[in-house]
Structures are given as C-alpha cells and as structure tokens.
Amino acid sequence: RNLLCNMTHRGAVGSDARDGDGAGVMTSIPHKFFVKNFEKEQGIKLPAQGKYAAGNLFFKPDQEILKETIEKFRDVADSLGLRVLGWREVPRDSSLLGPAALSREPIVLQPFVVLRAAYGDGNEPKESFDEDFDERYFERQLYVLRKRATHVIGLHNWFYLCSLSNKNIVYKGQLAPVQVYSYYHDLVNVDYEGHFALVHSRFSTNTFPSWDRAQPLRWAAHNGEINTLRGNKNWMRARE
C-alpha cells in the first residue's frame, strides 16, 4: 500500500483531484480470503490453490444488461469445458470517486471458474479431481475464455476482464494511487494474503483515462504508453 501511494508523483489527476488516471495492484490469488468469503458464504467448496481461477470483471451497472452479460459469459465458459461455480460482488467505497470516474463506474464481480471434467457438477470437487485435473489445459481454456468473452460481449457493454487466472488477480480502476486500498475493501482485509504484489499508476498521454486502461494489465505493468493508430499516423505526417 505504501509503495503504491509513493507512486502518486508519476500519475496524474483530472480537474478534480479525485479523478485519477488509473492505478491498481496485482497479487497472487488470496486463497485463504476466498475460502472464507466465497466458499463458506455460498456453500461451494473450492479446489486447492492453483486449481481454480478467479478475477475481477467490470460490468455495466444496468440490471438487464448485467443479467444478459453474465449469461453470455457462462455460455462461453460452458462451451470451453469450464464451469462458473458462482459469483462474488466486490465491496467498494464509491464515495471516494470524482465525477468523471463515478460517471463510468462499473459493477465489479468475481467469477470462480473450474475445469468441469475434473470438478463435476456438484458443490465440491469429485474424488478423482486431482487425477482428472490438467493444469496446462485449464490455463489454455482460461486464455480462450478471456479472449472469446471479450469479443462476444464487447467493451461497448462496459465488459472488461481485469484478470481471470489461477495464479494472480488484479484490482484496479480509474483511481489515484491513494484511493486504491480505500476503494477496494478486500485489499485491507486481514485474511487477504499473497506472496507478491505488483503496483502501478498510469499517466495518460495519448488516450483518455478509463477504468479498463488502468494499470496493472493482466500479466504485467509498464511505463510506456501504447500509442493510438491516429497518433502514429500524425507522427509520421509530422516527419514528412
């Protein structure tokens, strides 16, 4: 938390200081936290750490669109031999947000995904789970799920996967560094434990700030800004 706050100098804010360019943190999967806050609350047993996936997904705060989007996501997962065990709504403090960030604030939900062939259709893994579980196949199907769900549902519906992995999870948003740990209540929970944390703050140069453009990305964080196509064309014209 202190490390992220110490990056405030490299980020930027809007006319209202509560509107950050985007900041966040990536950690390993907090298995102990999920056992307490998903498994025990919903009565669905999670497999061992590394054998299920979880992540933070952004959805449009419209109940009809939300229901439709969740159904599409579940259908894509089913088609890939995966199973969504359930969903958890991430507790947040929206009072911290500035007007720009608040106007585009998404609903943040966490799906818990397993390999159906190994887990089965019940509320706990089959006895043969460890024998049937194929980690490489599971990770490959998760990759396809991330890509296909993004194309099927689309950013125009505010749908965005911050992360969906069996190894790490990303909490981020159109926030300033000092807001991240106060906005996401999970991050300050005593049961939230991880063996690593990667933090970053975005400075928006070629593109406007948005919830999905915030750092870190799904697997990395970087200082370089990815130029838009129009920006690259303009730079070439400037050289002519």
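Sequence positions, counted from 1, serve as the residue numbers for this chain.
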> Got a second to check how far Phe59's CZ is from Ile153's CD1, nearest 0.5 Å?
Replying inline: 6.5 Å

> Do any N or O atoms from the side chain of Thr27 and from the backbone of Ala197 form a donor-acceptor pair under 3.5 angstrom?
Replying inline: no

>> Can you tell whether the side chains of Asp212 and Lys172 come within less than 4.0 Å, N to carboxylate O?
In response: no

> According to a 4.5 Å side-chain heavy-atom criterion applied to Ile, Leu, Val, Met, Phe, Trp and Tyr, with indirect links allowed, do Tyr160 and Ile65 form part of one hydrophobic cluster?
Replying inline: no

> Looking only at heavy atoms, which two atoms of Gln63 and Ile107 are closest? And how far apart?
Replying inline: NE2-CD1, 4.4 Å

> Do other residues, nucleotides or ligands put more than 12 heavy atoms under 6.0 Å from the NZ atom of Lys126?
Replying inline: yes

> Between Ala23 and Ala176, which heavy-atom pair has the shortest distance, and what is it?
Replying inline: CB-C, 4.0 Å

> So, His185 versus Tyr192: side-chain donor-acceptor pair below 3.5 Å or not?
Replying inline: no

>> Between Phe133 and Phe138, is the ring-ring contact (aromatic ring centres under 6.0 Å, His included) condition met? List the steps.
In response: CA-CA 8 Å; Phe133 180 75; Phe138 182 45; 5.5 Å; yes

>> Going by ring-ring contact (aromatic ring centres under 6.0 Å, His included), name the pairs with one or both residues in residues 60-85, residues two or more places apart or in two chains.
In response: Phe73-Trp87

> Going hydrophobic residue to hydrophobic residue with side-chain gaps under 4.5 angstrom, can you get from Phe34 over to Val188?
Replying inline: yes

>> Show the nearest heavy-atom pair for residues Leu80 and Tyr137, with the distance to one decimal.
In response: O-OH, 4.0 Å

> Where do Phe58 and Cys162 come nearest, in terms of heavy atoms and distance?
Replying inline: CZ-SG, 3.3 Å

> Measuring from Thr150:OG1 to Leu145:CG, what's the distance to the nearest 0.5 Å?
Replying inline: 8.5 Å

>> Any donor-acceptor pair under 3.5 Å linking the side-chain atoms of Gln179 with those of Tyr184?
In response: no

>> Testing the 3.5 Å rule here: is there a donor-acceptor pair between the side chains of Ser210 and Gln174?
In response: no

>> Using side-chain contact (heavy atoms from CB on, under 4.5 Å), reason through Ser79 and Arg148 one step at a time and then give a plain yes or no.
In response: CA-CA 11 Å; Ser79 71; Arg148 190 173 295 176; 3.8 Å; yes

> CG/Leu82 to CG/Leu115 distance, rounded to the nearest 0.5 angstrom?
Replying inline: 6.5 Å

> Quick one: do the Asn166 and Tyr52 side chains pair a donor with an acceptor below 3.5 Å?
Replying inline: no

>> With a 3.5 Å distance limit and no angle check, can you tell me whether Asp62 reaches the backbone of Glu64 through a side-chain donor-acceptor pair?
In response: yes

>> Tell me whether Glu124 at atom CD has more than 12 heavy atoms from other residues, nucleotides or ligands lying less than 6.0 Å away.
In response: no

>> Salt bridge check, Arg88 against Glu39: does any charged N sit closer than 4.0 Å to a carboxylate O?
In response: no

>> For Lys60 versus Asn157, what's the shortest heavy-atom pair and its separation?
In response: CB-O, 3.3 Å

> Between Val90 and Asn56, does a side-chain contact (heavy atoms from CB on, under 4.5 Å) hold up when you go through it step by step?
Replying inline: CA-CA 8 Å; Val90 180; Asn56 287 316; 3.5 Å; yes

> What are the two closest non-hydrogen atoms of Gly194 and Ser28, and how far apart are they?
Replying inline: CA-OG, 3.1 Å

> Going hydrophobic residue to hydrophobic residue with side-chain gaps under 4.5 angstrom, can you get from Trp158 over to Tyr183?
Replying inline: no

> Going by an N to O cut-off under 4.0 Å, is there a salt bridge joining Asp78 and Arg83?
Replying inline: no

>> Tell me if the CZ atom of Arg92 is crowded by more than 12 foreign heavy atoms within 6.0 Å.
In response: yes

> What is the distance from atom NZ of Lys51 to atom CZ of Phe129, rounded to the nearest 0.5 Å?
Replying inline: 6.0 Å

